[in-house]
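First up is the structure itself, then whatever we jot down about it.
Convention: sequence-line order gives letters A, B, ...; per-chain numbering from 1. In what follows, every heavy atom counts, from backbone to side chain, and hydrogens, waters and symmetry copies are set aside.
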Amino acid sequence: MGKKNKQFVEEITPMEVDFAQWYTDVILKTDLVDYSPVKGFMAIKPYGYAIWENIQQYMDKRFKETGHKNCYFPLLIPESLLQKEAEHVEGFAPEVAWVTHGGKEELAERLCVRPTSETIICEMYSKWLKSYRDLPFLYNQWCSVVRWEKSTRPFLRTSEFLWQEGHTLHETYEEAQEETLRMLDIYKETAEEVLAMPVVTGQKSEKEKFAGAYATYTMEALMHDGKALQAGTSHNLGKHFTEAFDIAYSDRDGELKNPYHTSWGVSTRLIGGLIMVHGDNRGLVLPPRVAPTQAVIVPIASHKEGVLDKAMEIFSDLKQEIRMELDDRENYSPGWKFNEWEMKGVPVRIEIGPKDIEKGQAVLCRRDTLEKEVVQLDNLKERVQLLLDDIHNNLLYSAKTMRDEKTYYVKNLEEMKELMSTKPGFVKAMWCEERSCEENIKEDTGVTVRCIPFEQEHLGETCAFCGKPAEKVAYFAKAY
RNA sequence: CUGGCUGUGGCGCAGUUUGGUAGCGCGCCAGAAUGGGGUUCUGGAGGUCGCAGGUUCAAUUCCUGUCAGCCAGACCA
């Protein structure tokens, strides 16, 4: 016995030793992704893709419940279109990939691979919108976009990533603003209720807002290493694009008007987030509501009479309501399987062997705490379902606790600098909202304004960093 | 983009200093035993050393370039 022969996949670097390395180890060893021959582009393997599908499924449902419909817009955008909105080009041009040839012929106008689709979508909307009766436009697309990144990391920042982008048009500013915040709300609910990942929501500073937006709202999550991850954004684009693209409709009063516009997106970055928020030294800890496998059955002594039959019977019963796996591989010992499924983050493991069958019971082991319990087979399904909810709640609670422990108040720049070098995390402080101040802070500490949270508290009258009058509290952090 | 490190069967590594066309462990395949926390034994298959040039009688080994990856930073969402 023992582990003199380490047959298992190599150990994962402990997360407190080297968080970045831990992350890379985990995603590769659990078969979520693999690197492709092109820098910054990755293949998402079945286990990773299944997580995305579960996220997609939930969100798509929410989008449709709120009146949105899916469509699809082209991958390629003519350069002239990209350039129509001034701030937008400036923001995205540096990281755009270009198509210059069709076969052997050079194109008259080069085409960019979408870094985001505002421009091409607005171009289409300008053809589709005629009357106030057509509004609102509530469309979404699931696709991938390309941004030529200099340094990349699977899920967190890749040159191509999967996402959804909603693009809506409205008659009034108020409606657009309402939509912008409604979608951010859905994002927050997804993060917390599905991914068990607590987020802070609020508004982006002028410097950090989307290129071409009137206002950008964001949800920010805090990772174990004290860095913040922007997990989703929702933009009120005002009329910036609709004017630039000449999207106009005849209103009730006979006037031609430009509608108000929003866009909002979340990406496969969410997967990176949930890995970093919940993982531990044994590997992944997947939140039950998106885990590809919610419970795995490991039969013990499966060669013995009746064991496998019983395991299969349980499997086919539970799989009606729970995403199940039956690990009937004969060439691995139970202990080996335990470790593998733990590394892969499966929330619940069900052990069933001859002794259990005799007593009409099974052993459950939960991934988050690794606690075991004995359950009567009659109650098994109900118990597993309860356990899945319990694990979700516990993960959300632990993540919140972790975040709160890493959320600090500071009175000045020196304090923040000191704090960030010793125990990085979220910093809350009064802030003047001025760009020059923001730039100073970044230069001095590497910290950026994550958002001006909706949930405000009053900590004083002046900016903690420059002393000018300040009305609002902002969250600061180093960012992914 | 800058600095540091790396690239040898599926995975992890040794070999490179003192050039002579590869070796170990795990995994994989076959058989047997084992089976409640990383099983054991026996037999077997599998690599031309990231890629491209150069030096040399001869390059995994030396030189140059290039691609990809890791870590840190800059930049960027």
Side-chain angles (χ1 to χ4, degrees), chain A residues 1-13 17-25 27-29 31 33-42 88 90-96 115-116 145-154 156-159 161 163 204 207-213 216 218 220 225 228-233 235 265-267 269 272 282-283 298-304 307-308 327-343 349-359 361-363 365 370 372 374 442-443 446 448 450 478-480:
Chain A
M1 305 302 151
K3 36 165 141 178
K4 54 183 181 236
N5 285 317
K6 206 158 54 175
Q7 285 202 7
F8 200 59
V9 201
E10 284 60 40
E11 301 286 340
I12 290 165
T13 307
V17 172
D18 183 347
F19 190 67
Q21 194 63 58
W22 169 87
Y23 178 79
T24 313
D25 285 355
I27 55 170
L28 291 176
K29 286 173 182 168
D31 271 335
V33 288
D34 200 2
Y35 295 100
S36 82
V38 186
K39 180 182 163 64
F41 289 76
M42 65 189 188
H88 188 70
E90 201 187 321
F92 282 102
E95 47 184 357
V96 153
T116 176
V145 291
V146 169
R147 299 179 187 177
W148 218 259
E149 299 286 353
K150 286 172 183 158
S151 66
T152 58
R153 178 167 307 186
L156 299 174
R157 171 164 273 110
T158 47
S159 295
F161 55 89
W163 79 343
K204 280 293 190 192
K207 185 173 184 288
E208 297 274 328
K209 78 175 188 192
F210 177 75
T216 291
T218 179
E220 304 278 329
D225 60 351
L229 184 75
Q230 177 177 302
T233 49
H235 317 291
V266 297
S267 70
R269 186 180 243 199
R282 288 176 181 247
V298 178
I300 310 296
S302 56
H303 62 291
K304 291 203 176 144
V307 173
L308 211 49
D327 190 351
D328 57 2
R329 291 176 293 179
E330 285 175 5
N331 49 339
Y332 292 100
S333 68
W336 196 96
K337 292 175 181 176
F338 295 172
N339 283 283
E340 187 186 48
W341 290 111
E342 279 166 13
M343 181 179 76
R349 180 176 73 237
I350 303 169
E351 303 170 21
I352 178 122
K355 293 177 211 161
D356 297 308
I357 293 171
E358 252 173 59
K359 298 183 201 158
Q361 64 182 36
V363 176
C365 180
L370 299 172
K372 284 191 180 188
V374 176
K442 186 170 183 198
E443 197 167 319
T448 51
R450 300 324 303 154
K478 290 191 176 170
Y480 267 96

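Between A/Lys337 and the phosphate of B/G36, there is no side-chain N or O to OP1/OP2 separation shorter than 4.0 Å. Within the structure, every side-chain polar atom (N or O) of A/Tyr23 is placed at least 4.0 Å from both OP1 and OP2 of B/C70. Look at A/Tyr332 and you'll find a side-chain N or O under 4.0 angstrom from OP1 or OP2 of B/C28. Contact annotation: A/Lys39 reaches the phosphate of B/G69 (side-chain N/O to OP1 or OP2, under 4.0 Å). Between A/Ser151 and B/A74 there is no side-chain N or O to OP1 or OP2 distance below 4.0 Å.
Taking atom CD of A/Glu208 as the reference point, atom C1' of B/C75 lies 13 Å away to the nearest angstrom. Atom CG of A/Asp25 and atom P of B/U6 are 18 Å apart (whole Å). Protein atom CD of A/Glu330 is 14 Å distant from nucleotide atom C1' of B/A32, rounded to whole Å. The NZ atom of A/Lys442 sits 6 Å away from the P atom of B/C76 (whole-angstrom rounding). The nearest whole Å value for the distance from the NZ atom in A/Lys150 to the C1' atom in B/A74 is 9 Å. In this structure, NZ of A/Lys478 is placed 17 Å from C1' of B/C76, rounded to the nearest angstrom. In this structure, the NZ atom of A/Lys29 is 12 Å from the C1' atom of B/C70, given to the nearest Å. One interatomic measurement links the two molecules: CD1 of A/Ile27 to P of B/C70, which rounds to 8 Å at whole-angstrom precision.
Pair assignment for B/C26 gives B/G10, based on Watson-Crick or G-U wobble hydrogen-bonding distances that are each under 3.5 Å. With a cut-off of 3.5 Å on both Watson-Crick or G-U wobble distances, the partner of B/U16 is given as none. The partner of B/C1 is B/G73, judged by Watson-Crick or G-U wobble contacts that both fall below 3.5 Å. With a 3.5 Å ceiling on both atom-pair distances, the Watson-Crick or G-U wobble partner of B/A32 is B/U40. B/U61: no Watson-Crick or G-U partner with both key distances under 3.5 Å is found in any strand. Across all strands shown, B/G50 is found opposite B/U66 as a Watson-Crick or G-U wobble partner, with both distances under 3.5 Å.
Note: A/His235 and A/Phe210 have parallel aromatic rings, judged against thresholds of 30 and 60 degrees for the angle between ring planes. A parallel orientation is assigned to the rings of A/Trp22 and A/Phe19, their planes being inclined by less than 30° (bins at 30° and 60°).
In this model, a side-chain donor or acceptor of A/Glu342 finds a partner on the base of B/G37 within 3.5 Å. Put simply, the side chain of A/Arg153 and the base of B/G69 share no donor and acceptor less than 3.5 Å apart. Side-chain atoms of A/Lys372 come within donor-acceptor range of the base of B/G37, with a qualifying N/O pair under 3.5 Å.
A donor atom on one side chain and an acceptor atom on the other are found under 3.5 Å apart for A/Tyr480 and A/Asp225.
The side chain of A/Arg282 sits closest to B/G37 out of B/G37, B/C76, B/C71. In this structure, of B/G36, B/C71, B/C75, it is B/C71 that holds the atom nearest to the side chain of A/Gln21. Here B/G36 is the nucleotide among B/G37, B/C70, B/G36 with the atom lying nearest to any side-chain atom of A/Ile300. Closest to the side chain of A/Lys355, from the set B/C76, B/G36, B/G69, is B/G36. Closest to the side chain of A/Ala301, from the set B/C70, B/G35, B/U39, is B/G35.
Between A/Thr152 and A/Ser159, the shortest heavy-atom distance links the atoms CG2-OG, 3.9 Å.
Here the side chain of A/Lys209 pairs a donor or acceptor atom with the backbone of A/Ala213 at under 3.5 angstrom. Side-chain N or O atoms of A/Tyr23 include one that pairs as donor or acceptor with a backbone N or O of A/Pro154 at under 3.5 Å.
Across all strands shown, A/Gly446 has no heavy atoms under 4.0 Å from either base or sugar-phosphate atoms.
Nucleotides of RNA chain B nearest to A/Ile357 and A/Lys207 differ in position, and the one nearer the 5' end is that of A/Ile357. In terms of position on RNA chain B, the residue among A/Arg349 and A/Ala479 whose nearest nucleotide sits closer to the 5' end is A/Arg349.
Counting heavy atoms from C-beta on, the side chains of A/Gln361 and A/Lys355 never come closer than 4.5 Å.
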